[in-house]
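Computation of the quantities below employed the complete heavy-atom set of this structure, encompassing side-chain atoms and omitting hydrogens, waters and symmetry-equivalent molecules. Computed from a prediction, not measured in an experiment: that's the story for all the values here. Proteins get letters first, then strands, A, B, ... in listed order; numbering begins at 1 in each.
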There are 2 protein chains.
Amino acid sequence: MTHQRRLLVGIIQGADRHLDALDLWQKARQQDPTLNKVTVYRTLALLKKHGLVDELDLLHLQGGRHYYEARTTRDHIHLACLRCGRIQEFESSLFEKLKGQIERERRFRITVVRVEAGGYCDKCQD
Amino acid sequence: MTHQRRLLVGIIQGADRHLDALDLWQKARQQDPTLNKVTVYRTLALLKKHGLVDELDLLHLQGGRHYYEARTTRDHIHLACLRCGRIQEFESSLFEKLKGQIERERRFRITVVRVEAGGYCDKCQD
DNA sequence: GTACTTGCAAAGATTTTGCTTCCAA
DNA sequence: TTGGAAGCAAAATCTTTGCAAGTAC
């Protein structure tokens, strides 16, 4: 556990929105200007491999980057508004049931699941 | 409607697996060797914009590329085995109910939805 | 002390853009 | 004929790799 990793993990856990690698690097550099972008990518890969962060695309609303969030106890769905860009999160017991159905009917053991819906949020409908 | 577009659309619709831009280009070149890779990207962007193809990442099992499939009448879930790489598709009325719940409870009008689950398929469990 | 991590530079992979020429309608 | 599309080359974006030097334990 290096101080670079401690710093990056702290930023991800304290984030109030989804960060991509560049966002994370820029925030980290405010506290440690020598921290290299490559270290960000390597740390994200490590955290992802260990299941501590989830990787999202948010439907590539703004290019091909990936966003990261600390894994929480309960899976949730991301709703991305195609007009205003707002990202909402949504939890549902139906979603939990759906995962159970997949595990039972296909005998597929789920370790990571990503649900992203695009459309128009309540504020962006005519 | 150019012959390049006709060719690319035909390949996507006839595909028996998920193709990325390079796959598509290589298949297209067999029939029209002058077809440019850029045309593939531009055509995919157009089809995506018009909702005729869906873009997937399949959890980036092998790098950061995108995969495309012709949009079908019914949404489905992609199950990616982290060990053998097999991709399964799964349809479920629970999934339809879940979408309905989101639309009702959040008043969010869904136009595109992507569900990708990673884990271990029936053949890859101990 | 040693195995693992970092920084740096460079390369790699994927996708996009500018611009000219061409073609479908 | 004309506006949009394709081809080509080059650039932009995002991510990974090789290697020497540094650091946690």
### Query
Should the pair A:Asp75-A:Lys99 be classified as a salt bridge under the 4.0 Å nitrogen-to-oxygen rule?
yes
### Query
Which nucleotide sits closest to the side chain of B:His66: D:dA24, C:dT15, D:dT16?
C:dT15
### Message
Please compare B:Arg65 and B:Thr2 by the position of their nearest nucleotide in DNA chain C and report the one closer to 5'.
### Response
B:Arg65
### Query
Rounded to whole angstrom units, what separation is found between the CZ atom of A:Arg6 and the C1' atom of D:dT23?
12 Å
### Task
Could you state the atom-to-atom distance from CE of B:Met1 to C1' of C:dC22 in whole Å?
18 Å
### Message
Check for me, please, whether A:Ile110 and B:Phe90 land in the same ILVMFWY cluster - side-chain distances under 4.5 Å, paths through other members count.
### Response
yes
### Task
Output the single nucleotide from D:dA5, C:dG7, D:dG7 whose closest atom is nearest the side chain of B:Asn36.
D:dG7
### Query
Using the ring of each side chain (for Trp, its six-membered ring), is B:His78 parallel, tilted or perpendicular to B:His18, with breaks at 30° and 60°?
perpendicular
#### Entry: Residues that A:Arg83 engages under salt bridge (Lys or Arg N to Asp or Glu O under 4.0 Å), provided they are two or more places apart
none
### Task
Could you please name the option among D:dC8, D:dT15, D:dA6 that lies closest to any side-chain atom of B:Arg5?
D:dA6
### Message
On DNA chain C, does the nearest nucleotide to A:Thr43 precede the nearest nucleotide to B:Lys37 from the 5' side, or the other way round? Give the residue.
### Response
A:Thr43
### Task
For B:Arg42, answer base if it contacts any base atom (sugar-phosphate contacts may also be present), sugar-phosphate if it contacts only those atoms, and nothing otherwise; contact means non-hydrogen atoms under 4.0 Å.
base
### Message
Using a heavy-atom cut-off of 4.0 Å across all strands, would you classify B:Leu35 as base, sugar-phosphate, or nothing?
### Response
sugar-phosphate
#### Entry: Proximal nucleotide (of C:dT6, C:dC8, D:dA6) relative to the A:Gln4 side chain
C:dT6
### Query
Can B:His76 and B:Gln88 be said to form a side chain to side chain donor-acceptor pair (under 3.5 Å), step by step?
CA-CA 10 Å; B:His76 53 266; B:Gln88 300 180 63; over 6 Å; no
### Query
Side chains of B:Tyr68 and B:Glu55: do they bring a donor and an acceptor to under 3.5 Å?
yes
### Degree of bending in the helix from C:dG1-D:dC25 to C:dA25-D:dT1 once both end axes are built from five pairs, to 10°
50°
